[in-house]
Number of protein chains: 4
Amino acid sequence: MAETQQQAASSPSGEPRTPRGRRTRRALLDAAILEFGARGFHATGIAEITRRAGVASGSFYTWFPSKEAIFRAVVADLSARVRDHVAPAVRAAPDGLAAERAALESFLGFVRSNPQLYRIIDEAEFVAPDSYRAHYEGAVARIAERLRAAAARGEVRADVGELEAWALVGMNVFLGLRYGIWGTGESPAEVAAAANRLIVEGLKPRRG
Amino acid sequence: MAETQQQAASSPSGEPRTPRGRRTRRALLDAAILEFGARGFHATGIAEITRRAGVASGSFYTWFPSKEAIFRAVVADLSARVRDHVAPAVRAAPDGLAAERAALESFLGFVRSNPQLYRIIDEAEFVAPDSYRAHYEGAVARIAERLRAAAARGEVRADVGELEAWALVGMNVFLGLRYGIWGTGESPAEVAAAANRLIVEGLKPRRG
Amino acid sequence: MAETQQQAASSPSGEPRTPRGRRTRRALLDAAILEFGARGFHATGIAEITRRAGVASGSFYTWFPSKEAIFRAVVADLSARVRDHVAPAVRAAPDGLAAERAALESFLGFVRSNPQLYRIIDEAEFVAPDSYRAHYEGAVARIAERLRAAAARGEVRADVGELEAWALVGMNVFLGLRYGIWGTGESPAEVAAAANRLIVEGLKPRRG
Amino acid sequence: MAETQQQAASSPSGEPRTPRGRRTRRALLDAAILEFGARGFHATGIAEITRRAGVASGSFYTWFPSKEAIFRAVVADLSARVRDHVAPAVRAAPDGLAAERAALESFLGFVRSNPQLYRIIDEAEFVAPDSYRAHYEGAVARIAERLRAAAARGEVRADVGELEAWALVGMNVFLGLRYGIWGTGESPAEVAAAANRLIVEGLKPRRG
DNA sequence: GATGAATGAGTATTCATTCAT
DNA sequence: AATGAATGAATACTCATTCAT
């Protein structure tokens, strides 16, 4: 961002400097999301991406240095999208426990309308392990931060930490898989309610 | 024509009919677990598997019809191994809640000593989706069954069901990922204790 | 035939010396005719032949030294069969011209009930060119011999020779292909009549 | 999105869009004719074709989707070549009977200088049966058409039809095999004369 | 003689990447 | 920037043949 000198004249694999370049790069990225989501990394060829994007195969390398590079870009794109989709719901929640419930419900909605999410993020475990790890550590960090704040406000136990955050992410991910991808009958609200009851009251039978 | 037509000769991709065949098939399977676990499905060639198994490349197809087929066999093998590893710990637990805690602790131990587990199972999402689904639905079914029994004994809330089972599997899987693969400082017992506290008491602050 | 000493104890790839051996060899040959006829030389594996014959794959080499060898045996078998099928019809004919007509009619009948004939004989052009050549030169030689005899009896022109015999074989082969394999509406008698008219009277318009 | 979506980039296995592409495609086709003619379909590898054409092995698939596809193209190419070679000779003939004689003579010349013809066309019976059939049905159709016209002019019997055309094709093919491939002493003119005498006067002894 | 397993050379095809216009 | 053709390494799978029992 600071340096501007290092950009070569043709800016191969760099940021577009013209409107035409911008359009081409974005078309490739959008095409890649669809293709990777539908067929997976290994079954998708550069040719499929360029065909869908409507550009010549050679043009791909003007904007991305490799297939792996565009995959990373796709993961980052999706990762940011989930985050941004869930954030407002969390902000609107009255307290910490409600926030987690809202986060899950919002996440389930996102998954339903973006079923490629899992195929792409999960495949990153093999194609770009660091992107994969970054995605989930980001999710954990956000939950952990929220829990810390809620603990400070006395809304949750004071000793909850990273471990609990991981557990919650795991719950959410699997409920998302079950609800959003494999498709079960429940509504997002039902799923979120059950999960909420679990994390709020645990499994123990109610006294009294 | 007169005599009983003997068994259809040879058994490509079938069950071994001799001890030698049995040994070869097993050697291939073991080699495949190691290779798929270390390099992943796409980066592993039949040649690597046969080399490690100490047989000629063509011999592979005497016992498995395709690379995908041996991958499925590997998933099934591992899936059964986790199940069998966890089962005794569960049986030894005094009650339903303790059983879940013991299950997680035992699972964490398994993951630590079989770090290929995740690479292989997770990759099945792309290579053999039905095997992947079968693996997790099996895990969920076993937990759900335990919860039902525990509920009947009054050890857990009466309304817990499949949804809770999914949530618990998700928790376990992610804690396994964190503890067993990415390696954190806690002991299995610590992790299990934290998870246990969560599912037993939830996130709510203690009253009084 | 003369020597009997050269036969090894196990007579690999030789003539069977026991009833069991005789049955096995014959079963392989019959299976090969069916498989080569149905799928062609290259698409047929030894495994298909042994499977259909009901023997273990290794047993094949007890009776034939190679795939090519059994193919040659199959060609010779079929070649002899056509010859023996046509011969009686020819013998029964009253004169030379009638003999050729009868030969074609009989040949057409053979082709209809042995549609593998063409697939196998024709493929010999590539797999065993000498067998192929031998087959057709045999057919030509028989016709040429008949024409010579007929000429001597004054039933056909005195100057007919090898060239005419080749032409007749070509006619017969293509009429057999058309009638027997690609299946046309005419009866063998019709086809034979048309061919006969052609070789008896030529194409010239009838005078008067 | 706004601008006209350009042509679907790249054209694997399509028509060349540049002179360079045109040259490469043609070089592959010529190389294939020679290799298939010399070694046959199964014994010829893509590597042989590309080596002779002077291109990288992968380039083959830029222009043909499979080995079978180029074989079909080769058959069609040769088929058209025979047709175009014979046509002028036929047109120059004074009448219908002379035309058939000229056709055979011209065909024999073609076969002599293109001995690959038989290996390739005949192998099509196994590799691409529809191409094989199309080739011979085309030849028959052309002869049948000529006979019809000749009959209309009173130059041949009025009742000649498809059957006669097939018979003539068969004669020509076998005479071509004998003369052009297996090589006999006669000249094309001699062979054509004998065939002509046969189809003009038949086998019958001359009256008088 | 028969069996079933082992062998390993051979090959069509794919595809990320490069390059000349 | 874009195009379309060229590149060539990589690999799953086949199958005739051999061999130990």
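Sequence lines set the chain letters: A, B, ... in the order given, protein chains first and strands last, and positions in each chain run from 1.
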Separation of [X] atom [atom1] from [N] atom [atom2], in whole Å?
X	N	atom1	atom2	answer
Arg25(C)	dA2(E)	CZ	P	12 Å
Arg23(D)	dA5(F)	CZ	P	12 Å
Arg20(D)	dT3(F)	CZ	P	18 Å
Arg22(C)	dA2(E)	CZ	C1'	17 Å
Phe64(C)	dG1(E)	CZ	C1'	15 Å
Arg51(A)	dA5(F)	CZ	C1'	16 Å

Just jot down the side chain to side chain donor-acceptor pair (under 3.5 Å) partners of [X], sequence neighbours excluded, or say none.
X	answer
Arg51(D)	none
Arg20(B)	none
Arg22(B)	none
Glu35(A)	Arg39(A), Arg52(A)

Task: Residue met sooner reading DNA chain E from 5', once Gly21(C) and Thr24(B) are mapped to nucleotides - done: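 Residue closer to the 5' terminus by nearest nucleotide: Gly21(C).
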- [ ] Go along nucleotides 12-18 of chain F 5' to 3' and tag each nucleotide: B for a protein heavy atom under 4.0 Å from its base, S when only backbone or sugar atoms are that close, - otherwise.
- [x] SBB-SBB
Open item on the list: Counting only side-chain nitrogens and oxygens, does Trp63(B) get under 4.0 Å of the OP1 or OP2 atom of dA6(E)?
Closed with: yes
Task: ring-ring contact (aromatic ring centres under 6.0 Å, His included) contacts in which one or both residues fall within residues 16-35 of chain A, not counting sequence neighbours - done: none
- [ ] Hey, could you give me the CZ/CZ distance between Arg25(D) and Phe64(D), rounded to the nearest 0.5 Å?
- [x] 4.0 Å
Open item on the list: Suppose you measure atom P in dG1(E) against the same atom in dT21(F); what distance do you get, rounded to whole Å?
Closed with: 23 Å
Task: Nearest to side-chain heavy atoms of Val55(C), which nucleotide of dG1(E), dA5(F), dT3(E) - done: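 In terms of side-chain proximity for Val55(C), the closest of dG1(E), dA5(F), dT3(E) is dT3(E).
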- [ ] Could you work out which one of dT3(E), dA1(F), dA5(E) sits closest to the side chain of Ala56(C)?
- [x] dT3(E)
Task: Results of salt bridge (Lys or Arg N to Asp or Glu O under 4.0 Å) for Arg72(B) - residues two or more places apart only - done: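 With neighbours one apart ignored, the set is Glu68(B), Asp130(B).
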Open item on the list: Tyr118(B) vs Glu125(A), test: side chain to side chain contact (heavy atoms under 4.5 Å, CB included). Steps then yes/no.
Closed with: CA-CA 10 Å; Tyr118(B) 277 79; Glu125(A) 182 178 356; 4.1 Å; yes
TODO: Please list, chain by chain and in numerical order, all residues satisfying ring pair (Phe, Tyr, Trp, His ring centres under 6.0 Å) with Phe41(A), sequence neighbours excluded.
DONE: Phe36(A), Phe71(A)
TODO: Quick one: stems involving DNA chain E, counted as three or more successive Watson-Crick or G-U pairs, both distances short of 3.5 Å.
DONE: E:2-21 with F:2-21
